[in-house]
Each structure stands twice: as C-alpha cells, then as structure tokens.
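Report on the following structure.
A note on names: the letters A, B, ... follow the listed sequences, proteins ahead of strands, and every chain is numbered from 1. Below, each value reflects all heavy atoms present in this structure, side chains not excepted, and no hydrogens, waters or symmetry copies.
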Number of protein chains: 2
Amino acid sequence: MTDTAPRPTLEAVAARAGVSRATASRVVNGGDGVREPLVERVRRAVDELGYVPNQAARSLVTRRHDAVAVVIAEPETRVFADPFFALQLRGISKELTAHDNQLVLLLTEGRDDHARVGRYLAGGHVDGALVFSLHLDDPLPGLIRRAGVPTVFGGRPDWSDGEDGDRDPAARDTDAADRGEGAGGGGGVMYVDSDNRDGARTAVRHLVGLGRTRVAHITGPLDQTSAADRLDGFRDVRVDADPRLVEESDFTPAGGERAMRELLDRRPDLNAVFAANDLSAAGALRVLRERGLRVPQDVAVIGFDDMLPVADQTDPPLTTVRQDIEEMGRLMARLLLSRLDHRATPAHGADTGTPAGVILPTTLIRRASA
Amino acid sequence: MTDTAPRPTLEAVAARAGVSRATASRVVNGGDGVREPLVERVRRAVDELGYVPNQAARSLVTRRHDAVAVVIAEPETRVFADPFFALQLRGISKELTAHDNQLVLLLTEGRDDHARVGRYLAGGHVDGALVFSLHLDDPLPGLIRRAGVPTVFGGRPDWSDGEDGDRDPAARDTDAADRGEGAGGGGGVMYVDSDNRDGARTAVRHLVGLGRTRVAHITGPLDQTSAADRLDGFRDVRVDADPRLVEESDFTPAGGERAMRELLDRRPDLNAVFAANDLSAAGALRVLRERGLRVPQDVAVIGFDDMLPVADQTDPPLTTVRQDIEEMGRLMARLLLSRLDHRATPAHGADTGTPAGVILPTTLIRRASA
DNA sequence: CACCCACCCGAGAGCGCCCTCACCTCGGCA
DNA sequence: TGCCGAGGTGAGGGCGCTCTCGGGTGGGTG
C-alpha cells in the first residue's frame, strides 16, 4: 500500500539510541572503540527500526563496493551448455557471499561487448573482476589489464602474441608471472587453473600401465588453453604417437562420437582412448558399443573432469581425471578478495609475494572403463 | 604504477568545459534543455578526461541503482546442469545490458540463504528482482513479496497454500493476478512462463493423430509447476489413460532411461511416448534402441524444449515442443524494466493494466521421431 | 595533588551527484 | 518602446554515510 516507506537512516538510529551518528556508524561497522552499553543500545535501535545501511552512500566515501564482476566471454552457446561454468559460478557465489560481496554477472558476446565490459570495469563500479576467457585470441585479457582492475582469471589466460608451442609448463608459469607485473594497479595478474597437463599425463600413463600401446586422444577445441594443455600432456607420455591417433574435437558428446568414429576408421587397432573431457568420452563410449567393441576389454577409455551426473552414469562408469571445479571458483574468489584486502592496507612494498598462478592438482578416479 | 589515478569528477568536466556542474550534469544525462554549442563543449570535455559518472553518488540521490537481482534457488546441483537457466540468463543479460542495467546474481542453497536474499532485496540495493523458484513449497516467493521489491518470476510461481489440483489454467491465472495485488509496493507480482499445458496437449494430440492409442508420459519432477502443467496437458487429451502409462522422472537423461524401462516393463505394448523434456526423451530413445524398438515405427517419441545441441542430435532427431527459453528471459527483464519505469513516473492510478502473468506460446517442431 | 595518557565520544566536513530555484537573456507582442 | 514569458544557465542544498579531529572523562603515576 504505502509506497516504499522511507528507509531509516543512520541519523534515525543514532537519535533513537541517544548517541551521535559517528558512534552509531562505529557500531554498525563492527563496534570497535565503543563501550558495551552504547553498543547494546545502538544494536537495539537498529533492530527496532530495521535499519539497513545505504550501500550507495557508504561506497561514495569508502570507495569500496563490496561487489565483484564475473565476466564470461561466450563465443558460442556451447560455453554454457557445459555445466562447467555453472559449477565455478557456484563456488564463486559461495565464497563471495561468505564475505558479503555481491556478484555482478557480465556475459559478453562479441567485439562491441568487449568495449562495454572494458568501460564498465574501468568505471570503478566493482572492486575487482573474475574473468573467464577461454580463447587464445581473446582481446579481453588485454583490455582488462589496461582497465587497471584487480583481476583473477579462470583458467590460464593466454596473452602471448600468437606464437606458442611446446615449452614446458614451468616456463609458461614464469612467463605469466612476469607479464602479470606492471599492470592492474600494482600487483600481479593472477589466475587459477587445474593442472591439465599433469592430469593428462597421469591418465595416459595409466592406460600405458594397463599395457595399452595404441592410445588415441580426442582433444577439446585447441584454441582453449585447457584443451591445448591436455594435448601437451598426452604428447609428453606418447612422445612419438602416430598423428592419426589424435583427433580434434569440441568437448561435446556429439563431437566425441564423431571423433571416435574417425579414429576407429583410421586406426581400427587402437586399444585405448583418452578423451579431453567426460562429455566427449561419453560420446566415444556410445560409438564403441555401437561398433561392438567392449570397454575396457577391447578399448580402455578415460575422460577428464569427473563431471558428476555424467561420469558415473555412463556404461560402463567412466574412469576419469577429477578436477574440483567448484573449488576452482571458490579459490578464484578467495584470491581476489584477499588481494583486495591487501590493497586496502597501505602495503609496505610491492607484494610480489602473491603467486601469479595457482594450479590445482588433479586426481585419477578409477571406475570401470579403464 | 600510479595507484588508481583519481577519477575525474563532474566538477572537473564542468571546469574544463567552462560551464557549471548543473549544465554538465544535464548533458551527461541526455542533454535536454542545453544549447548545442555547450552540449558539444561538455561532450568533448567528457571524452578528453575519460569521465565516467560515479554510480554510487548518482544512486544516492536518484534512489535508482540500474541494477536488477537475479535469484536462482538451487535446491540441487541438477538445476544448473540443465542448460535451461543458462539460456534464460543469457536472454536476461542481453535485455538488461541493452538498458544499461546490471545483473546481480544471487544463488541460494538452503533456508538461511533465503533469509539472506530477503534481507538483501529489502535492503534496497537493487531496483527489482527476477526470480526463479521452481519448487512448490519454496518460501522464497512469499519472502520476496514481503520485501516489497518489484519482481518478475520465471515460471509460474506457486504460492497457493498447499492445495492444488485440476483447476483449469484460466482459473489459475486469475488467481495469480488477484494475489499479485496488495504486496510489492503497489503493483502486481508478475511472471513469465511457457504455455506448458497447451504445449503438452499439442504434442499428445499429434501422437494421437498419428494413430497411436497407447501413449505413455515420462514426467518431470512434479513439484515443479512446469512438470505438473505438462502432465495436466497430457491428461487433458488422454483423459482416462491407464495410470501405468505415466511415470514420474526428473528431467535428466538417466532418469529418462529409467522411466522408459519401467514403462516398457509395465506396458510392453505402448506405441508412443511424450517425455516432459528433451533430456529425458534422449534417455528414452536410448532404451528403446537397446530393446530393439524402432523409432518412430514401433514407438513414436516427442520431447519438450527443443534444446538445441540435444534435440537435433539424437538418433533419430527428436520431434519436440519448442519454447523460446532465451526469449522468456528477455521478456522477464523487459517486463521488470518497464514496470520500474512506470513506477518512477507518478502513475495516475493503480496500473492494473499490466497482466500479472505472461504466457508464451509453444510450437511443435517436427523431426523424425514422431 | 597535579599531570599525563589512553580511551571514548560527538561535531562537522566532505564523498560526487542531481535537482530546485532564482536569475538572466531574448524574442514576441501590445 | 516597454513588458512579459519561455527557455537556458548557475548557485547551492542535500542524499546517507565515513572519518578526522578535538574535547572530555577516568585512572594511573610522580
């Protein structure tokens, strides 16, 4: 009925508690340096009036927003069909919530959107950003570094200038750390990633350990660092694998089916497959069954992700490389928040102590398919 | 290097353009009532300084935030495994972006989270909310109505007090409209939904039109209104169907497989299946093939959603009921924004003109499975 | 007993913006 | 020519909050 009863202000709380605005403010913000009886009075006034601080007024003076942007570049619809983001988002959301930060979601879909996001971030509406930029040629990371907003990337971003290759991961990490410095308002550009390369090595070694000598690999889209890293891991173990044992795919079940058919046509004698994710592994499994090949007796199969409604429901249940996706999200948020806190304090010297990249380990989950 | 060069203020822009703050402000906000040469000067000053308005300062006086909360209640992980939300979110994001509004994402996961969301919304941090609350017994809709925030629901919310049944949809809509009034700070509680019931009817009629007399139905989780409505639609057409032809499931492929097996065991003679969504239809197809039944010759199958990487990739491609999910998201946002604009203007009288619920039509997409 | 220090608390100055209101400038009309 | 009104512009107040700074109070010490 009544149109939006005017929300009580700090002034009102102070009046009701019989103290000054300053004291009321102190109590609302933790109550340090205020004697107990007053704290109590103010607290009661807050409850009675249903006082909620006006965030806009607060931000105006503190220059903090307690809000973090999550930027998801979405070149194709596929990005979202994947539960991957959803899980990371969940982890992020939980962590931000736990620290009373809001999550501002920015979905981008094209060149002009990038400009918009850049403007938004530079506009200082949020304290920091969590960015998912999967594709190698994405201009977003560059834009964001220039915007000078504290940022944590999800997955190793690639801001090399085109070249690439077989350098070992250590070199890459160092590289990232180097470049991290010098932009972003004094502090490294950070990222969180799974140890894709090592996970892939573990998977392939497992297959080899099973006595499989003709191991095929269904890759993900190779313009994504995660897929590229997994391929690198595969190659680390199968140094001189027949190139016909590698088929590029796209992380989807349908893509996995297609790739599996292709591989079987080229090398009908293959006896193991390492798929770059569970979804494509599921597709591969279907094709194998369709061709009358038994898993794991004839062909052993390993996936990647341990995406749960998928990996444990395939037939046979999938052996796979587990990465804790939700935890990655949490970690991204945690990293960013701690960075923001550090930046708030004067910081006695450049904090190069923070690692530029955090790589989470993976573990092999053994089920029936290998 | 330099720690966050102080952002230019409107004052600075005004000074550079040689006008007053007021004039600069007018130009920034559209430039009405300012003569051309001055507009030009101010515009240039804005560019040169890279001025971006301080949203916090603006909100402080306008009491608008140009931000909308999107609340997704997530009782189980599954909610997100479904690309459904992702698509709606995309639609919402596009529409909000087009109107320069921000999207604040709130994921909830339990009782205490509800309280938090309620507090947040009541706290006036956002101008409105878009809420997805799927489950019948969810306290969220009630909480939100009490918070007095303009809200649009995704999917028909159920705030009946437990009872329910076979009233026709018209009655339901009226009901919703009634209750919509009286809370939410003057204005109806609104929602956007697909015409699930009619879509189901169309699908089942199509099967009947194909001469199928023993039509089974794999439902979704019946505590969600969409699933319940589709079941109602099925029953509208198959008024006295054998109850053994209906099996409750959960919108997942695995659930679809399970339900299909169950149905075939109970009624091996069935010759058509209407699945409540494409994912469960895909599962059903696999079971049918496994049992050596041909689709559509032996059993015709229809899904629901027309979820694209799924429906057109099954074998055979799925005939299904299409709903434009992304458009639903767009519409939700559009509805909310227009409501917010209306509320801004004094509004000469209660605007009961706005429909409480918007029901989008569905269309049958014929592919090979029926 | 005087002094100092540590601790609390209140007054007041803004943060950057929008908006009201008064003023000023013209052009049109009597 | 004088007056009036419409349309532009500028000065200033205030949105709700935090934070600095000065005053006041109490207890410990020389």
Side-chain angles (χ1 to χ4, degrees), chain A residues 4-43 45-46 49-67 100 122-125 127 344-346, chain B residues 4-43 45-46 49-67 100 122-125 127 344-346:
Chain A
T4 324
R7 305 230 325 267
T9 90
L10 192 58
E11 182 81 47
V13 172
R16 183 174 192 103
V19 299
S20 73
R21 239 172 35 239
T23 299
S25 173
R26 280 189 269 260
V27 172
V28 168
N29 294 297
D32 303 324
V34 178
R35 243 184 299 248
E36 199 42 54
L38 285 198
V39 171
E40 195 45 47
R41 286 219 318 260
V42 173
R43 289 250 160 80
V46 166
L49 295 174
Y51 170 75
V52 182
N54 181 322
Q55 185 61 38
R58 179 179 278 173
S59 298
L60 185 55
V61 37
T62 60
R63 275 118 202 298
R64 261 203 79 150
H65 299 82
D66 293 320
D100 282 311
H125 304 283
D127 301 325
T345 56
Chain B
T4 323
R7 305 229 323 269
T9 90
L10 193 56
E11 182 82 46
V13 172
R16 183 173 192 104
V19 300
S20 73
R21 245 171 32 237
T23 299
S25 172
R26 280 189 269 260
V27 172
V28 168
N29 295 298
D32 302 323
V34 177
R35 246 184 297 249
E36 199 43 52
L38 285 197
V39 172
E40 196 43 48
R41 288 225 307 267
V42 174
R43 289 251 161 79
V46 166
L49 295 174
Y51 169 76
V52 181
N54 181 320
Q55 185 61 39
R58 179 179 279 175
S59 299
L60 187 55
V61 37
T62 61
R63 274 117 204 298
R64 261 202 80 151
H65 300 83
D66 294 319
D100 281 311
H125 303 283
D127 300 325
T345 55

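- The separation between B/Glu11 atom CD and C/dC15 atom P is 10 Å, rounded to whole Å.
- A/Asp32 places its CG atom 16 Å from the C1' atom of C/dA6, with the value rounded to the nearest Å.
- Both B/Gly33 and B/Leu60 lie near DNA chain D, and the one whose nearest nucleotide falls closer to the 5' end is B/Gly33.
- In this entry the distance linking CD of B/Glu36 with P of D/dG7 reads 17 Å, nearest Å.
- Contact annotation: side chain of B/Arg26 to base of D/dG10, donor-acceptor pair present below 3.5 Å.
- Between A/Asn54 and D/dC15 there is no side-chain polar atom (N or O) within less than 4.0 angstrom of OP1 or OP2.
- Computed from coordinates, the B/Tyr51 OH to C/dC17 C1' distance equals 7 Å when rounded to whole Å.
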When you compare the protein's N or O atoms with those of nucleotides 12-14 of chain D, which come within less than 3.5 Å of each other, and at what distance?
unit_1: D/dG13; atom_1: O6; unit_2: B/Arg21; atom_2: NH2; d: 2.7

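- Across A/Tyr51 and A/Leu10, no two heavy atoms sit closer than the pair CE1-N, 3.5 Å.
- The residue B/Val28 sits apart from the nucleic acid: no heavy atom pair falls under 4.0 Å.
- Heavy-atom nearest nucleotides on DNA chain D were determined for A/Thr62 and for B/Ala57, and the one closer to the 5' end corresponds to B/Ala57.
- In this structure, the CZ atom of A/Arg41 is 9 Å from the P atom of C/dG10, given to the nearest Å.
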Point to revise | Per-nucleotide protein contact string for nucleotides 23-28 of chain D, where B marks a base within reach and S marks sugar-phosphate only (heavy atoms under 4.0 Å, - for neither) | key: ------

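- Residue B/Arg63 places no side-chain atom within donor-acceptor reach of the base of D/dG16, judged by atom type and a 3.5 Å distance cut-off alone.
- Residue B/Gln55 contributes atom CD, which lies 16 Å from atom C1' of D/dG16 at whole-angstrom precision.
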